[in-house]
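Just below is one structure, and these are the notes that go with it.
We count residues from 1, following the sequence as given.
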Amino acid sequence: MTAFFNGLMITGGLIIAIGAQNAFVLKQGLLKQNISIVVLLCWLCDFVLIACGTFGVSALFSQNSTASLILSASGGIFLLLYGLAGLKRAFRANNALIVAAGNKIDPPTAWKTATATLAITLLNPHVYIDTIMLIGGSAAALSFQEKWYFLSGALMTSAIWFCSIGFGARLLLPLFRRETTWQILDLIIAVMMFYLSYTLLLPVWEIL
């Protein structure tokens, strides 16, 4: 079950951050505009991309021990730096998220909402780095069965997160407007990233 929790944690650390996609989901939830479509499409995008990374990219690297070692080292260093960045954000005072309620106009059609969701998700190059390379690549050294556990943990985190900020937006928004909430989240993310960095860099250190 270690693979399951690693998938859960690394996904949580990467998607729980102030960004265009999360702000879009929060706003749609606040306005109650086709939120089911938004949440479902965000999760389906994660499903496809993370699965491709876990069973595609990681499978290629698993056949080459040197490449797998390089990927583990690169991922470990990146996660270490990501954790340090989380600590920096936690002690900064300008991380509060602001989501405007917007004007009272006719709500967009389901098609327009779906198109906007896919655009804001798939046109962001960072989504491919996070899902395919970092999350999926972290499963490179796992067995086929462990990869399923890893993928399950990653997708569970994705589902919980998007459902929470989408359907629970009106309840969560006051919290996300507070700097303290994001500071706590950033501290938790930093700890998770440090742990995952350790698990990736330990095999490299033992070989060296």
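Hydrophobic clustering (side-chain heavy atoms under 4.5 Å, transitive across Ile, Leu, Val, Met, Phe, Trp, Tyr) keeps V38 apart from L171. If you chain together hydrophobic residues whose side chains sit under 4.5 Å apart, L201 and V191 never meet in one group. The hydrophobic clustering, which links ILVMFWY residues whose side-chain heavy atoms are closer than 4.5 Å, places L80 and L202 apart. Taking hydrophobic clusters as Ile, Leu, Val, Met, Phe, Trp and Tyr residues chained together by side-chain heavy-atom distances below 4.5 Å, Y198 does not share a cluster with L87.
Here I120 contributes atom CD1 and L41 contributes atom CG; the two are 12.5 Å apart, rounded to the nearest 0.5 Å. To the nearest 0.5 Å, atom CG of residue L118 and atom CD1 of residue I37 are 10.5 Å apart. To the nearest 0.5 Å, atom SG of residue C45 and atom CD1 of residue I50 are 10.5 Å apart. Expressed to the nearest 0.5 Å, how far CZ of F91 lies from CG of L187 amounts to 5.5 Å. For the atom pair OG of S152 and CZ of F5, the computed distance is 12.0 Å after rounding to the nearest 0.5 Å. Here the CG atom belonging to L151 is positioned 13.5 Å from the CD atom belonging to E146, to the nearest 0.5 angstrom.
Looking only at side-chain heavy atoms (C-beta outward), Q28 and T113 come within less than 4.5 Å of each other. For the pair W161/T11, no side-chain contact is recorded, criterion being any heavy-atom separation below 4.5 Å from C-beta on. Looking at C42 and T121, their side chains come closer than 4.5 Å, going by heavy atoms from C-beta outward. Within the 4.5 Å cutoff, no side-chain heavy atoms of L44 are placed close to those of V48. At a threshold of 4.5 Å between non-hydrogen side-chain atoms, the residues I135 and F150 count as touching. Taking 4.5 Å as the limit, some side-chain heavy atom of F194 sits within range of a side-chain heavy atom of L84. Using a 4.5 Å heavy-atom cutoff, the side chains of T131 and D46 are in contact. At least one side-chain heavy atom of F162 sits under 4.5 Å from a side-chain heavy atom of Q21.
Note: F4 and W148 fail the aromatic proximity criterion, with ring centroids not under 6.0 Å apart.
Nearest heavy-atom pair, G83 versus A190, reported as atom, atom and distance to 0.1 Å: O-CB, 3.3 Å. Taking each heavy atom of G166 and V39 in turn, the nearest pair found is CA-CG2, 4.2 Å. The shortest heavy-atom contact between I165 and L26 is O-CD2, 3.4 Å.
Within a 6.0 Å sphere centred on CZ of F167, heavy atoms belonging to other residues, nucleotides or ligands number more than 12.
In this structure, the side chain of S158 does not engage the main chain of A154 through any donor-acceptor pair within 3.5 Å.
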